[in-house]
Amino acid sequence: MDRFLKNPVWRDCFCLSVVLGILFFSFLGGRPLSSPDEGRYVEIPREMVMSGDYVTPHLNSLKYFEKPPLVYWIEAAPIKLGFFNEFAFRFPIALFALLGCLVLYGFTLHFYSRRAGLWSAVVLATSILYYALSRIILLDLILTVFMTSGLLSFFAGIKTDPGFSRRKWLAFSAISLALAVLTKGLIGALIPLGIMAVWITLFNKWRLLRPLYLPTNLLLFLAVVVPWHVLVSLRNPSFFDFYFIHEQFERYFTTIHRRHQPFWFFIPITFLGFLPWTLFLPRALKDFIPKTFKDWKIYDFESFLIVWILFIFIFFSCSKSILIPYILPIFPPLALIVGRFLSYSWKNHLKIGPEVLLYFIFYLTLILGSVYAFQRLHVEIIAQPLFLSISQILSLWAVTLIVLPLLYFWKGTRWALGAILAAQLGLLFILNNAGTYIQKASMKPFAEKILTAYPKGAEVITYHAYFQDLPVYLRHTVKIFNWSGELDFGAQIEPNNKIMITDAEFKKSWSSPKNVCIVTKQNFYGDLLPTVGAKPFLLGAQDEIVLACNHPPRG
C-alpha cells in the first residue's frame, strides 16, 4: 500500500476516487425512480433477469428495440445479485461518472500534466449537467465515457511510434467505440469517426495514420458489436427496419419523435450545464485555440479537441430530434481546456479578476432575479421543501459573493478558486436533495399500497396512461387499457399479446372475482366510471393520479 501511494499517479487516482466517489455516490437512493426514463431502463433489465433472455429486450412484456442492450446488461447485474433498490439501480451510472473523470485525468496527464489532469477531472465532475446525469439512469453519460475513451485513445495511438504501445492505444479505441455502439447505436461510432475524418482531412494528418493496424482493430470492433446484432436479428425479423431505419436515421432526419428544437438550443444548455466553469471558458479558449492556420496544423491535440467540440455541437444542433443530454459528449474536452487553464492559473498565481467579476455579476443577477420572481409569484404554489432548497441555494450564493472578492484580493487566486469549488460542491448537494421535489410523481407509493392491500397479488391495469416505474415497483408487468405510445411497435408485431386490452377484456376482468386495480390520471377517472358499471373502491390518490380497485382489501 505504501508503495502504491508513493506513486503520484496512483495516489491521484486514489484521492480522486475517494473525493469524487463521495460526490457521486452520496444519497443515490434518496429519491424514487423518475418516469419515464429511469423506470424504463430498470424494467427492461428486470424482465431480462426474470426471463433469462438477454438478447431480445422487453418492456412490460412487449418487444422493445429502441436501444442496444449494454446499459440493460449493466443494470441487470445488481438485480441479478439481489440488490433491488434505487441506490443499486443508480450505482452503475455513478460508477461510470467516476470512471469518466479518471479517464479524463489519465489522458490529460498524458498530454499535459498531473495538475491539469486533476483540475480537468474536478471540473468535469462538478459541472452541473455531468453531475445531474450521474444520478439519473440514462444512456448518455455512459456513451460519453466510451466516446471520450475512444477518441483520446485514438489520438494517443496515432501520436505514438509504431509498436506495441501504438497497437494498444488503437485497440483500446476500437473496443471503446464498439461499446459506445452497444450503448446507444450507430452514433457511438459515426460521431467519433466523423471527428477523426474532419480533423485528419482539414489539417492533412494522413501520415499519422500509418500504421493503423486496421484489420486487427476492425476485427476487435466487429467482435464486440456484431454478435448481439446478429442474434437479435435472427430471433426478430422486424428488428432491422425498426432499430436502424426508424430509431437511427428517422430519429435524426425527421420530426417523427416530436422533439424538434431551434438550432441555438444547445447554446444556453451548454452555458448553464457547464457552470460555474463556463465563466472561465472565454480566457481558457483564448489561450487554447491556435492563432493561425499554420498553428492549427502544429498544435495537433488542441485542434483535435476543438474539432471534437464543434463537430458534436453542430451534429446535434442539426438533428430533428433534440434532448438536453445529447450535448454531454462535449463536456470532457471543455473540462480539459478549462482544467488546463486553471492548472496554469494555480501554478503561476495568474490573476483571475475577470472571471471573479463575471462570477459576481452572474450570480448576483440570479439572486436578484429570483427574489424579484418570488415577489411577483405566489410563493405558496411552490412546495415547502423545494422553497427551502431554493432559499438554501440563494443563501449559499450570497455568502459566496461576499467571501469570494475578499479571498481573491487578500489571499489570491488559489483561495478564490477554492471558494468557487466549495460553493459549487454545496450547490450540487442542495440540488441533489431538491431532486425529489422536482421530478414527476412516482408510482412507488401506489405500488406499495397495492402490494400491501393485496399481498397475494392483484391484476394491475393502467388507463389512458402507462407509468414506466409502476412495473418496477410491483415487480411484475401491468396491462394497458386505451393508451398509445412507445409500446405500440411491440404490440403490433405481437398482435395476440395480453398486455394491450380491449374494452370487453377490461370489463370482463373488472367484473371477475379476482382483485383488479386500475391506475389513471385524475382527469380520466370520471370517464372510467360508466365503463366499470359500479363505483370502484378508491385505494389512493396523489399528485393527480388515482388508484382504484374492484374489490376492497380482504381482512
Side-chain angles (χ1 to χ4, degrees), residues 35-36 39-40 43-44 46-47 50-51 53 56-66 236-238 242 246 441 443 445-555:
S35 184
R40 179 193 306 117
E43 176 59 16
I44 294 173
R46 187 194 71 81
E47 293 186 34
M50 294 300 103
S51 67
D53 183 359
T56 303
H58 288 79
L59 178 58
N60 200 51
S61 289
L62 296 173
K63 292 181 179 181
Y64 188 82
F65 296 144
E66 288 197 8
N236 305 277
S238 56
F242 183 84
H246 180 79
M443 290 294 107
F446 294 95
E448 291 174 344
K449 286 182 179 180
I450 294 171
L451 296 173
T452 302
Y454 306 100
K456 293 184 179 181
E459 181 179 281
V460 179
I461 301 172
T462 64
Y463 175 64
H464 267 300
Y466 171 62
F467 306 97
Q468 298 271 13
D469 53 333
L470 184 57
V472 176
Y473 288 117
L474 290 172
R475 301 201 187 193
H476 63 76
T477 57
V478 300
K479 293 185 177 180
I480 301 171
F481 173 39
N482 208 351
W483 176 82
S484 177
E486 63 180 306
L487 297 179
D488 290 352
F489 176 76
Q492 290 169 7
I493 61 176
E494 297 177 285
N496 296 321
N497 73 84
K498 298 181 180 179
I499 298 300
M500 300 293 192
I501 61 174
T502 63
D503 286 32
E505 289 170 327
F506 170 72
K507 290 177 181 179
K508 182 179 179 181
S509 286
W510 188 264
S511 59
S512 69
K514 64 183 178 182
N515 295 315
V516 178
C517 295
I518 189 157
V519 186
T520 187
K521 296 179 181 179
Q522 182 73 52
N523 55 327
F524 293 120
Y525 183 62
D527 300 336
L528 181 67
L529 296 178
T531 306
V532 298
K535 189 174 182 179
F537 175 78
L538 191 62
L539 190 61
Q542 180 181 335
D543 298 316
E544 299 184 352
I545 306 296
V546 176
L547 169 61
C549 305
N550 63 341
H551 302 301
R554 296 187 176 94

Chemist: Given side chains that start at C-beta, do those of Lys63 and Glu494 come closer than 4.5 Å, heavy atoms only?
Modeler: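 Contact flag for Lys63/Glu494 side chains = yes.
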Chemist: Quick check: do Met500 and Leu62 have side-chain heavy atoms less than 4.5 Å from each other?
Modeler: yes
Chemist: Dump the intermediate steps for side-chain contact (heavy atoms from CB on, under 4.5 Å) on Ile545 and Gln522, then the final yes or no.
Modeler: CA-CA 5 Å; Ile545 306 296; Gln522 182 73 52; over 6 Å; no
Chemist: Tell me if the CD atom of Glu448 is crowded by more than 12 foreign heavy atoms within 6.0 Å.
Modeler: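 For Glu448, atom CD is crowded (more than 12 foreign heavy atoms under 6.0 Å).
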Chemist: Do the side-chain N and O atoms of Glu486 and Tyr64 include a donor-acceptor pair separated by under 3.5 angstrom?
Modeler: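 Tyr64 and Glu486 do have a side-chain donor-acceptor pair below 3.5 Å.
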Chemist: Please work out which of the three classes, parallel, tilted or perpendicular, describes the rings of Trp483 and Tyr466, given edges at 30° and 60°.
Modeler: tilted
Chemist: Quick one: CZ on Phe446 to CG on Asp469, what's the gap to the nearest 0.5 Å?
Modeler: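 So the CZ of Phe446 and the CG of Asp469 are separated by 10.5 Å.
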Chemist: Sort out for me which residue in Val519, Val460, Ile480 forms a side chain to side chain contact (heavy atoms under 4.5 Å, CB included) with Phe467.
Modeler: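 Of Val519, Val460, Ile480, side chain to side chain contact (heavy atoms under 4.5 Å, CB included) with Phe467 is met by Val519 alone.
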Chemist: Please report the interatomic distance CG(Asn482) to CG(Asp503), rounded to the nearest 0.5 Å.
Modeler: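 Answer rounded to 0.5 Å: 6.5 Å.
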Chemist: With under 30° as parallel and over 60° as perpendicular, where do the rings of Tyr463 and Phe481 fit, or are they tilted in between?
Modeler: tilted
Chemist: Tell me, do Pro445 and Gln542 make a side-chain contact under 4.5 Å, heavy atoms counted?
Modeler: yes
Chemist: Compare every heavy atom of Pro553 with every heavy atom of Tyr454, then report the nearest pair and how far apart it is.
Modeler: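 Of all heavy-atom pairs spanning Tyr454 and Pro553, the closest is OH-N, 3.7 Å.
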Chemist: So Glu459 and Ser509, side-chain contact (heavy atoms from CB on, under 4.5 Å) or not? Walk me through it.
Modeler: CA-CA 9 Å; Glu459 181 179 281; Ser509 286; 3.2 Å; yes
Chemist: How far apart are the closest heavy atoms of Ser512 and Asn550, and which atoms are they?
Modeler: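 So the minimum-distance heavy-atom pair works out to O-ND2, 3.7 Å.
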Chemist: Looking at CG of Leu547 and CZ of Phe537, how far apart are the two atoms once the value is rounded to the nearest 0.5 Å?
Modeler: 9.5 Å
Chemist: Within a strict 4.5 Å, meaning less than it, do heavy atoms of the Met443 and Val472 side chains meet?
Modeler: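 Of all side-chain heavy-atom pairs linking Val472 with Met443, none is under 4.5 Å.
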Chemist: Quick one: does Ile493's side chain get under 4.5 Å of Pro237's, heavy atoms only?
Modeler: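 Sidechains of Pro237 and Ile493: no contact.
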Chemist: Walk me through it: do Gln468 and Leu59 pass the test side-chain contact (heavy atoms from CB on, under 4.5 Å)?
Modeler: CA-CA 9 Å; Gln468 298 271 13; Leu59 178 58; 3.6 Å; yes
Chemist: Spell out, as yes or no, whether a donor-acceptor pair under 3.5 Å connects the side chain of His551 to the backbone of Cys549.
Modeler: no
Chemist: Taking only residues two or more places apart in sequence, or in another chain, which ones meet Thr477 in a side-chain contact (heavy atoms from CB on, under 4.5 Å)?
Modeler: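 side-chain contact (heavy atoms from CB on, under 4.5 Å) list for Thr477, sorted by chain: Glu43, Arg46, Glu47, Asn60, Ser61, Ile499.
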Chemist: Which value, rounded to the nearest 0.5 Å, describes the distance between Ile518 atom CD1 and Phe524 atom CZ?
Modeler: 12.0 Å
Chemist: Find the distance between CG (Leu470) and OG (Ser35) and round it off to the nearest 0.5 Å.
Modeler: 9.5 Å
Chemist: In the structure I gave you, are the side-chain heavy atoms of Ser238 and Phe65 within less than 4.5 Å of one another anywhere?
Modeler: yes
Chemist: To the nearest 0.5 Å, tell me how far Glu66 CD sits from Phe489 CZ.
Modeler: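 It comes to 10.0 Å.
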Chemist: Kindly check if the number of other-residue, nucleotide or ligand heavy atoms within 6.0 Å of NZ (Lys449) is above 12?
Modeler: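 Result for NZ/Lys449: enclosed.
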